Amino acid sequence: MNVLELKERVVATPVWRSIFRHRYLDSNRNRALTVFSNVFLHIHPVKVPEKSLRLRHTMCLGGLSFALFLALTVTGVLLMFYYRPAIPQAYRDMKELEFVVTSGALLRNLHRWAAHAMVLFVFLHMARVFYSGAYRPPREFNWVVGVLLLILSLLLSYTGYLLPWDQLAFWAITVGTNMAEAAPLIGPKFKFLLLGGNVIGENALVRFYVLHCVVLPLAAAVLLAVHFWRVRKDGGVRPL
Amino acid sequence: MDSQRIEAAGSGRRRFLWFTGLGALGTAGAGGAAVMLDFVHPKVLFEPPSSFRVGRPESFPVNSVTADYARKVYLVRTEVGFFALSAVCTHLGCITRHVEEEGAIFCPCHGSKFAVDGSLLMGPATRGLRRIAIRLEDGELVVDSELEVEKDAVLRV
């Protein structure tokens with residue numbers, strides 16, 4: 001039995017057929033089915049004009065931002081195996097990751113640099129969309145979603161800053177939360193709730209940790225889905 | 001919701017149920033939001049007390065500035081008496097530092113400069129250091145860092 005025969009037999013099994021409900025004969029129908037019978041592929045349009053794949057239309061900046069988001073998710077989850085958001089464990093765990101854990105320094109640096117890069121690429125993506133006029137109707141709502149995603153990127157970056165619990169982290173959050181306090185009316189209350197108290201201590205560390213690892217990434221994931229879906233619905237890149 | 005159809009239904013049963021349902025959902029939503037807000041509001045804080053003893057008056061020489069960076073306070077004794085300054089910079093909350101040779105107080109974060117009486121010498125801060133409450137209790141000086149007092153308040157001993 002050669003490989004092709006084996007493939008034919010596997011593809012014909014009920015198990016295979018239950019997962020992939022169509023054949024792979026090269027027809028328009030099957031090409032379409034491949035995309036929209038798959039939860040991951042269906043975010044993409046069934047057909048993409050060849051012109052819109054030209055690199056210079058988008059410079060792939062949005063895609064790079066998303067790739068960095070995925071890299072940050074993977075490295076972040078791995079870092080969570082060793083990190084405890086408590087005082088003084090947080091700082092020690094960061095040191096342990098840096099100097100003791102195998103690949104810990106690599107993971108931590110990947111996470112840090114990918115975070116810097118993501119903020120940079122999100123900005124560049126926004127600039128590209130602006131300069132190529134891609135925010136104009138019918139895409140104006142997706143621009144708004146993009147602005148929310150930019151804010152989430154910055155908040156993710158900011159909340160991650162406190163977690164190493166070193167001097168840089170402490171004073172950066174001191175300065176940042178005092179800026180938030182300057183907001184009219186809700187400022188002082190917002191700062192109190194954000195820190196879970198009047199000083200940057202254990203409560204603040206746990207709050208920033210939960211925001212950084214759960215709340216903000218989930219919000220970003222939901223908005224990313226909306227963002228990509230709107231790109232698909234609005235027809236992706238069509239040179240104007 | 002198809003508002004035109006509701007409009008067409010007029011003031012009948014459908015309209016009543018629509019507003020009752022909306023009202024119930026709104027009330028439940030507002031209640032949930034209020035409970036959520038109260039949930040994230042800590043009820044007990046394990047923070048250092050804002051009021052603390054700093055020592056006996058005679059242990060501070062006249063015309064001296066004593067810094068307690070851990071508790072974020074300067075105790076100043078002049079010929080007239082005592083006053084206390086919060087060491088927290090009024091710009092963005094960093095801890096300032098008293099430099100004896102310069103006779104001034106500096107912020108390491110953004111470079112604000114203050115005189116030892118708390119007045120502002122150089123920005124980016126827009127006002128001087130907070131003068132905070134000081135009182136004599138059982139022969140010891142007690143400072144309350146949460147209680148701001150007048151800019152020229154001095155405790156005569």
Side-chain angles (χ1 to χ4, degrees), chain A residues 84-91 154-155 158-159 161-162 164-216 218-219 222, chain B residues 30 32-52 67-73 85-97 105-114 120 122-130 132-133 143-148:
Chain A
R84 287 165 293 176
I87 305 166
Q89 286 90 339
Y91 180 73
L154 296 176
L155 286 177
Y158 178 67
T159 50
Y161 222 107
L162 181 64
W165 200 250
D166 53 9
Q167 285 291 316
L168 186 65
F170 188 89
W171 294 108
I173 301 311
T174 299
V175 166
T177 50
N178 275 312
M179 285 179 185
E181 193 183 16
L185 296 173
I186 57 161
K189 193 76 193 165
F190 179 73
K191 182 196 170 192
F192 181 81
L193 292 180
L194 188 64
L195 293 181
N198 303 301
V199 298
I200 296 173
E202 196 116 297
N203 281 2
L205 185 56
V206 173
R207 276 169 197 226
F208 274 60
Y209 177 73
V210 173
L211 285 173
H212 185 75
C213 302
V214 183
V215 180
L216 296 174
L218 274 182
V222 170
Chain B
V35 169
M36 212 38 230
L37 201 66
D38 194 39
F39 171 76
V40 295
H41 199 287
K43 299 298 176 295
V44 184
L45 293 176
F46 302 92
E47 294 178 351
S50 67
S51 184
F52 45 85
D68 184 342
Y69 295 116
R71 294 191 284 196
K72 307 169 188 174
V73 65
L85 294 174
S86 166
V88 179
C89 184
T90 50
H91 176 222
L92 285 172
C94 294
I95 305 304
T96 55
R97 201 147 279 267
I105 293 165
F106 294 86
C107 181
C109 284
H110 307 101
S112 296
K113 185 180 175 186
F114 307 91
L120 180 71
M122 204 169 80
T126 51
R127 57 203 183 89
L129 293 175
R130 276 181 287 268
I132 53 179
V143 168
D144 189 344
S145 59
E146 289 290 291
L147 204 62
E148 193 173 347

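Bear in mind that the values here come from a model prediction, so they are computed numbers and not experimental data. Within every chain, numbering begins at 1; the chains are lettered A, B, ... in the order of the sequence lines, protein sequences first and strands thereafter. Any value given below was found using the heavy atoms of this structure, including those in side chains, with hydrogens, waters and symmetry copies removed.
- Of the residues considered (A:R207, A:K189, A:M179, A:E181), A:R207 shows the highest number of contacts with chain B, using heavy-atom pairs under 4.5 Å.
- Dense packing is recorded around CD1 of A:I87, with more than 12 heavy atoms of other residues, nucleotides or ligands lying under 6.0 Å away.
- Of all the heavy atoms in B:L92 and A:N178, the pair that sits closest is O-ND2, 2.7 Å.
- No other option in B:H91, B:E47, B:H110 has as many heavy-atom pairs under 4.5 Å with chain A as B:E47.
- Within a 6.0 Å radius of OH in A:Y91, no more than 12 heavy atoms belonging to other residues, nucleotides or ligands are found.
- For the residue pair B:P42 and A:G197, the shortest heavy atom distance occurs at CG-N, 4.2 Å.
- Counted within 6.0 Å of CZ on A:F190, heavy atoms from surrounding residues, nucleotides or ligands total 12 or fewer; the atom is thus considered open.
- For A:N198, the parts lying under 4.5 angstrom from a heavy atom of chain B are both the backbone and the side chain.
- A pairwise comparison of heavy atoms in B:G93 and A:T174 identifies O-CG2, 3.3 Å as the closest pair.
- Within a 6.0 Å radius of CG in A:L185, other residues, nucleotides and ligands contribute 12 heavy atoms or fewer.
- With a 4.5 angstrom heavy-atom cutoff, A:F170 does not touch chain B via any of its atoms.
- Between A:W171 and B:I95 the shortest side-chain heavy-atom distance falls below 4.5 Å.
- Residues B:L45 and A:V199 fail the side-chain proximity criterion, which asks for heavy atoms closer than 4.5 Å.
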